[in-house]
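The structure appears below as C-alpha cells.
Starting from 1, each residue takes its place in the sequence as its number.
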Amino acid sequence: MLLSVVVPVHRAQGYLRATLESVLGRGPGGLELLVVDDGSRDGSARIAAEFAARDPRVRVLTLPEHRGAGPARNAGADGARGRYLLFLDGDDLLRPGALEAIGDRLAGSEPDVLLLGHDHIDWWGDVRSPAPAPGAPAPGADGLRAGALSVGTPRLFRRAFWTAHGLRFTDGPYEDVLPVLRAALLASDAGTLDALDRICVRHRIRRSGTFATTPGRHHFAILEAYERLLAATGRDPRIRAARTRHLRAVLADPGRIAPGDRAAFHRAAAFPGSYPGHRAREAARTGRVRARAALRRRKKTVRARVMRAAYRADLHRPLDPDLAVYGAYWNRGVACNPAAIHAKALELAPHIRGVWAVSSRHLDRVPPGIPYVIEGSRAYWRAMATATYLINNSSFPGGFTKRPGQRYLQTHHGTPLKTMGLDQRAYPALTNGISFERIVAHADQWDFSLSANPHTTEIWDRVYPSRYEHLNLGYPRNDIFFTATPEQVAAIRQRLSLDPGRTVLLYAPTHRDYRKGFVPHLDLDRLTRELGPQYVVLVRAHYFYGRSAGLDSSRVVDVTAHPSVEELCLVSDALITDYSSLMFDYACLDRPIISHTPDWAAYRASRGTYFDLLSGRPGDTPGAVATTEDELLELFRTGEWRSARTAELRAAFRARFCPYDDGHAAERVVRRLFL
C-alpha cells in the first residue's frame with residue numbers, strides 16, 4: 001500500500017464530509033484513509049462511520065477521550081500500513097489530481113519527505129494567492145527548499161523514515177513543530193528531501209471555533225515547542241531562523257496573540273529591539289488592516305445613528321428575565337417552530353411572557369389573545385431592548401443590538417436541500433444583492449441553533465460559521481404530526497370542506513430564484529381531470545408569492561392563505577412537491593411523497609444542492625419520482641406512487657432526516673431554553 005492519509009477529527013462536522021470525499025478519489029496504487037475520532041462530541045464520528053461503512057479504504061480509530069491533535073495523529077501513524085504518511089486536518093481538502101500527481105512523483109523516486117504546494121480558502125470562499133510552491137533553495141539561503149521549515153507546508157513522510165527516527169507529535173498546542181521541522185532537517189541533510197511543484201492541499205480557514213482563531217496565552221506554547229526542537233537539533237541555526245519567522249507571524253496574528261499579551265510575548269520570544277519599535281514597524285505594514293477596521297467602525301456608527309432614540313434609551317433599562325420575543329418568516333405572523341415553542345412555553349413555563357414581532361401587513365395572522373408588537377414601533381424596540389429571550393426562524397427586523405444576558409435561539413425553518421448561507425456565494429446571479437457580511441453578523445448573535453437532523457447540523461456548522469451551540473432536538477413544528485388525534489384531523493378536514501372518502505393530494509412546490517410569481521410546472525386542470533373525482537388537490541404556493549396561488553381553476557383548492565402548513569399535511573394522503581423542504585417534515589407522517597422535478601438540472605445548476613434528490617439511493621430520494629407530467633400521471637395509474645419500493649425509499653429518507661422528531665421537540669427546547 002502506497003499511502004496512508006491520517007485525519008484527526010474533533011469538532012469538524014461541517015467540513016469533514018468534503019475532506020473525506022476529496023481523498024477518496026482515484027488515488028495512487030493502494031490508499032487507506034484513517035480517521036481518528038479525537039473524542040468529538042458533534043456529528044464528526046457519525047460522518048466518519050458512514051464513510052467507513054461504504055468504503056473499505058476507510059478505517060475509524062476512536063480515542064477514549066479528547067487528547068488533542070498530536071496524540072490523534074500519533075494514533076493514526078501507529079495504525080497506518082502505507083509506505084507514506086500524509087497528515088491532513090478535518091477541514092483540509094486534497095485538490096483534484098493531487099493523488100495522481102503524488103503517485104507519479106513517488107513512482108520515480110522515494111524521498112523521505114515530499115513537500116506539497118498548498119493554498120488557503122476563507123469562509124467567504126476567497127482563495128488566497130497560493131503559497132510559493134516548494135522549489136530549489138535560493139542561492140545564499142539556508143540550503144533548504146522553500147517551505148521546508150514552514151510548519152504550514154503539507155508534506156508526505158516515508159513511514160519507515162518516520163519510525164526509524166522516532167518522530168512523534170507532541171501533546172498540547174503547536175504539536176507539529178518538533179516532528180515536522182526535525183524531519184525536514186534530517187531529510188535535507190541526507191539528500192532525501194523532495195518537492196512537488198503543484199498545489200495539492202487547500203486549507204480551509206474557519207471563522208471561529210478553532211485553535212488558530214482563539215486568541216490567548218495558550219499560544220505562548222509555541223515558545224516551548226521551539227525550545228524542544230532546538231534541543232533536539234543541537235540548536236541548529238536554521239531552526240533559529242525558522243523560529244524567528246514563525247514567532248513573528250504568530251505575534252502579528254490577531255487571532256492568536258491578544259493585544260494585551262503582545263508585549264509579554266515579544267519579551268518571551270527575546271526578539272531583538274524594543275516592543276514599541278516592533279509596534280511601529282507592524283503599524284506601518286498593516287495600514288490596510290487599520291483602514292478596513294475604520295470602515296467597519298464607520299458602518300457601525302451609521303447603524304447607530306438610525307437607531308430609534310427610544311431604543312437607545314431602552315438599552316439602558318434592565319433586562320426583563322421573563323420576557324421573550326418571537327418572530328417567524330420575516331414578521332409574517334405566528335407560525336412554524338417559534339409558534340410551537342411559544343405554545344409549549346405557555347404550558348411548561350407560564351412565567352415566560354411571550355410577545356410576537358409582526359408586520360402591520362400581517363396582523364390578521366395573529367390569533368386572538370396572542371400578544372404582539374408591530375415591527376418598527378416603540379413597543380417593538382422596547383421589547384427588543386429588554387427581552388431576555390429572542391426566538392426566530394428567520395431574523396428580526398431593523399437590526400438590533402444584542403445585549404449581554406440576552407439569549408437568541410435561531411430555530412430555522414427547514415432542512416437544506418439547496419445551498420444556504422455562505423455556500424450561496426458560488427451562485428452570485430441568484431443572491432439578489434445578499435450581504436454575506438450581514439449573514440455572518442446575524443449568526444454571531446445566535447446563542448443556539450436548532451436542528452432537525454444531523455445533515456442540517458453539519459451544513460449549518462459550516463455555512464453559518466460562529467460560536468453558537470447546536471441544539472439537536474428536532475423541530476417543534478413537527479410535534480403535531482405525532483400528537484394529533486383522528487378527531488382533530490377530521491375537524492381540520494371539515495373546516496376545509498374535504499369529503500371524508502376522497503384522497504387528498506397536497507401540491508406544494510418551492511419558489512424559483514430565477515422566476516417571479518407562482519408558475520406551476522403542472523397543468524393542474526389536466527391532473528385533476530385525469531385523476532378523477534376520487535382525488536382532490538390542495539395547492540400551496542410558497543409564502544414568497546403572497547397569499548394566493550393566483551389559479552383560475554375550479555378543480556383545485558388554493559390553500560396558500562391557510563395559516564398552518566402542518567394542518568394541510570395532516571389532512572393530506574400524499575405530498576407532491578419538487579425541491580421544497582416541506583418534504584423533510586412530511587416524512588414524519590410516513591405517507592407517500594412524490595417528487596415532480598421537470599427542471600431538476602436547471603434548478604441544481606442555478607442554485608446548487610447538497611445531494612442528488614433523483615439518485616434513487618436510499619436516504620436521498622423520498623419516494624416516487626416523475627420528471628414529466630405524463631410520468632406523474634403514470635405513477636397514479638399504476639399505483640407506483642405508494643408501492644412497496646417507494647415505501648422503502650421513504651423509510652430510509654425518514655431515518656436520515658427525522659431522527660429527532662418524536663412529538664416532544666417543543667418540550668425539549670422549552671426546558672433547554674427557559675428552564
Side-chain angles (χ1 to χ4, degrees), residues 6 8 10 36 38 63 65-78 80 85-89 112-113 115 142-190 192-193 203 210-212 214-253 255-258 261-272:
V6 177
H10 182 72
V36 185
D38 182 24
L63 301 186
E65 59 184 359
H66 177 48
R67 297 283 310 281
R73 289 194 179 102
N74 290 335
D78 292 343
L85 297 170
L86 172 61
F87 298 98
L88 296 177
D89 288 336
D112 288 328
V113 177
L115 305 175
D142 55 14
L144 286 166
R145 291 179 179 271
L149 291 185
S150 170
V151 173
T153 300
R155 62 200 75 199
L156 270 67
F157 304 92
R158 193 167 61 86
R159 188 162 62 90
F161 165 84
W162 180 271
T163 303
H165 290 284
L167 297 172
R168 306 282 289 177
F169 292 95
T170 58
D171 290 351
Y174 298 96
E175 73 290 337
D176 46 0
V177 168
L178 174 58
V180 168
L181 300 192
R182 181 166 173 251
L185 292 185
L186 290 168
S188 179
D189 292 344
T192 57
L193 176 68
H203 299 301
T210 66
F211 174 76
T214 307
R217 288 256 173 170
H218 49 276
H219 287 285
F220 282 46
I222 192 174
L223 302 169
E224 182 182 350
Y226 271 100
E227 280 305 309
R228 288 195 297 261
L229 177 60
L230 284 166
T233 59
R235 311 198 75 79
D236 190 304
R238 295 172 293 181
I239 294 300
R240 290 201 298 270
R243 173 189 182 274
T244 299
R245 289 193 299 269
H246 197 172
L247 266 58
R248 287 195 181 280
V250 169
L251 177 61
D253 186 348
R256 297 181 186 248
I257 306 299
D261 292 330
R262 287 176 184 166
F265 186 87
H266 191 277
R267 289 192 299 271
F271 289 136

Minimum heavy-atom distance [X]-[Y], with the two atoms named:
{"X": "R182", "Y": "T233", "result": "CG-CG2, 4.4 Å"}
{"X": "A69", "Y": "E175", "result": "CB-OE2, 3.8 Å"}
{"X": "A184", "Y": "L149", "result": "CB-CD2, 4.1 Å"}
{"X": "R262", "Y": "I257", "result": "NE-O, 3.3 Å"}
{"X": "L144", "Y": "R238", "result": "CD1-CD, 4.3 Å"}
{"X": "V6", "Y": "A77", "result": "CG2-N, 4.2 Å"}

Spacing of [X] atom [atom1] and [Y] atom [atom2] [to the nearest 0.5 Å]:
{"X": "R145", "Y": "L193", "atom1": "CZ", "atom2": "CG", "result": "6.0 Å"}
{"X": "T163", "Y": "R168", "atom1": "OG1", "atom2": "CZ", "result": "9.0 Å"}
{"X": "W162", "Y": "N74", "atom1": "CH2", "atom2": "CG", "result": "7.0 Å"}
{"X": "R228", "Y": "L223", "atom1": "CZ", "atom2": "CG", "result": "11.0 Å"}
{"X": "T192", "Y": "R158", "atom1": "OG1", "atom2": "CZ", "result": "7.5 Å"}
{"X": "R235", "Y": "L230", "atom1": "CZ", "atom2": "CG", "result": "4.5 Å"}

Under a 4.5 Å cut-off applied to non-hydrogen side-chain atoms, are [X] and [Y] in contact?
{"X": "S150", "Y": "R245", "value": "no"}
{"X": "R256", "Y": "L251", "value": "no"}
{"X": "D112", "Y": "L186", "value": "no"}

Sole residue of F169, F220, F211, Y226 in ring pair (Phe, Tyr, Trp, His ring centres under 6.0 Å) with Y174: F211

Check the pair V250 / F265 against side-chain contact (heavy atoms from CB on, under 4.5 Å), numbers first and verdict last. CA-CA 10 Å; V250 169; F265 186 87; 4.1 Å; yes

Identified salt bridge (Lys or Arg N to Asp or Glu O under 4.0 Å) counterpart of R73 within the set D89, D171, D78, D176: D89

